[in-house]
Q: 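Dropping a structure here in structure tokens format, bear with me for questions.
Please read all numbers here as calculations on a predicted model, not as lab measurements. Residue numbering restarts at 1 for every chain, and letters A, B, ... go by the order of the sequence lines.
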Amino acid sequence: MCGRFTLSTSPELLAAFFELESVPAALTTRYNIAPTQRVSALRLTHEGRHRLSLLRWGLIPHWAKEMSIGARMLNARRETLTEKPAYREAFRRRRCLIPASGFYEWAKRGPNVRQPYYVASSDGHPLALAGLWERWKDPAGPADTPIIDSCTIITTPAEGCLATIHHRAPAVVPASAWSTWLQRDFNDSDALEGMLEHPAGLEMVAVNPRVNNASHDDADCIRPWTGEVQRLPGLEEP
DNA sequence: CCAGACGTTGTT
DNA sequence: GTCTGG
DNA sequence: CCAGACGTTGTT
DNA sequence: GTCTGG
């Protein structure tokens, strides 16, 4: 699956890779992006240009009464995109790409024992994670309640080396399909599902369990780790 | 009809 | 909003 | 994804 | 155990 990721690619390289005219001023180098935080998402402007914006990670359906539901909507299964009420309309009309330099997966080594891994393209290029977005306004809020754009990352069954640590992986969209994927009016769900690919050419390394804590957001999170596997807090060994 | 869910991951 | 379950 | 809370009354 | 917050 994809519950944490990084975006440490320079703004210049991001702009070149994703054909952007500019990047948000608020964009910063991130090594530990967590759900509910703001993530960069690529969408099309009305004029058809690529635009990168910061959206809240965790899709809030437009009918939600409270924002908190979004914390559980961090991922959408590729296999059920057209069925799930929370995602169906976003899949039809509001797709996006979420640039990532890499992502984290946790391998389960025992009860409450997890080893985090950092996964990235071996060629150093960023990944275009497949995403959906939604627009929400708190129905109980005052008239000037801000509109919140939120997003989710699509997952697909893990393959290759990734499958040895976990059984889901984020889906990516190849560059050749970006323009169609982002096009609102393109509604051929079979064709869209066909654009969702498993990431290829990955390298994977066990990293410092420091990344477990979402408040740790620095390059130490992707530092290779050869120490012991870490027990998660809270529970005793059985 | 109304009430309640609407999601994914994991179960070494 | 829309669907499922009762 | 992991970490951390999980509650009310009443108020030095 | 389950939910919210980051």
Q: Checking A:Phe103 now: which residues fulfil ring-ring contact (aromatic ring centres under 6.0 Å, His included) with it, not counting sequence neighbours?
A: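 Partners of A:Phe103 by the ring-ring contact (aromatic ring centres under 6.0 Å, His included) criterion come out as none, since no residue qualifies.
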Q: Taking side-chain contact (heavy atoms from CB on, under 4.5 Å) as the test, write out the residues that go with A:Lys108, two or more places apart.
A: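 For A:Lys108 the side-chain contact (heavy atoms from CB on, under 4.5 Å) partners, ignoring immediate neighbours, are A:Arg114.
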Q: Could you write out DNA chain B as dot-bracket? Rules: Watson-Crick or G-U wobble, both distances under 3.5 Å, brackets [ ] for crossings, | for pairs with another strand, dot for unpaired.
A: ||||||......
Q: Please classify the nucleic acid contact of A:Ala76 as base, sugar-phosphate, or nothing, using heavy-atom distances under 4.0 Å.
A: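 Contact class for A:Ala76: sugar-phosphate only.
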Q: Got a sec, which pairs hit ring-ring contact (aromatic ring centres under 6.0 Å, His included) with one end in residues 29-61 of chain A, sequence neighbours left out?
A: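 Those involving residues 29-61 of chain A are A:Phe5-A:Trp57.
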Q: Please list, for nucleotides 1-6 of chain C, all pairs of protein and nucleotide N/O atoms separated by less than 3.5 Å.
A:
none

Q: Tell me every residue that passes ring-ring contact (aromatic ring centres under 6.0 Å, His included) with A:Phe18, counting only those two or more places apart in sequence or in another chain.
A: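 ring-ring contact (aromatic ring centres under 6.0 Å, His included) list for A:Phe18, sorted by chain: A:Trp178.
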Q: Which heavy atom in A:Ser121 sits nearest to a heavy atom in A:Leu127, and how many Å separate them?
A: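 Looks like OG-CD2, 3.3 Å.
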Q: What pairs with A:Arg51 under salt bridge (Lys or Arg N to Asp or Glu O under 4.0 Å), at least two apart in sequence or on another chain?
A: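 Counting only residues at least two positions away or on another chain, A:Arg51 forms no salt bridge (Lys or Arg N to Asp or Glu O under 4.0 Å).
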Q: Determine all donor-acceptor pairs shorter than 3.5 Å in which one atom belongs to a side chain in residues 7-16 of chain A; sequence neighbours excluded.
A:
unit_1  : atom_1 : unit_2   : atom_2 : d
A:Thr9  : OG1    : A:Ser101 : OG     : 2.8
A:Ser10 : OG     : A:Leu13  : N      : 3.1

Q: Is A:Arg77 touching bases, backbone alone, or none of the nucleic acid, heavy atoms closer than 4.0 Å?
A: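 Here A:Arg77 touches the backbone only, sparing every base.
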Q: For residues 111-156 of chain A, which residue pairs pass the ring-ring contact (aromatic ring centres under 6.0 Å, His included) check, not counting sequence neighbours?
A: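 Listed by first then second residue: A:Phe17-A:His125, A:Tyr104-A:Tyr118.
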Q: Could you tell me whether A:Leu59 contacts a base, only the sugar-phosphate backbone, or nothing, with contacts defined as non-hydrogen atoms closer than 4.0 Å?
A: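 Result for A:Leu59 = nothing.
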Q: Suppose the criterion is salt bridge (charged side-chain N to carboxylate O under 4.0 Å, His left out): which pairs have a residue in residues 147-167 of chain A, not counting sequence neighbours?
A: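 Every salt bridge (charged side-chain N to carboxylate O under 4.0 Å, His left out) pair that includes a residue of residues 147-167 of chain A, provided the two are not neighbours, is A:Arg43-A:Asp149, A:Arg135-A:Asp149.
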Q: Please give me every residue in residues 31-44 of chain A whose heavy atoms get under 4.0 Å of an atom in DNA chain B, ordered by residue number.
A: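 Within residues 31-44 of chain A, no residue comes under 4.0 Å of DNA chain B.
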Q: Near DNA chain B, which residues from residues 124-152 of chain A have a heavy atom under 4.0 Å away?
A: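 Listed by number, there are none.
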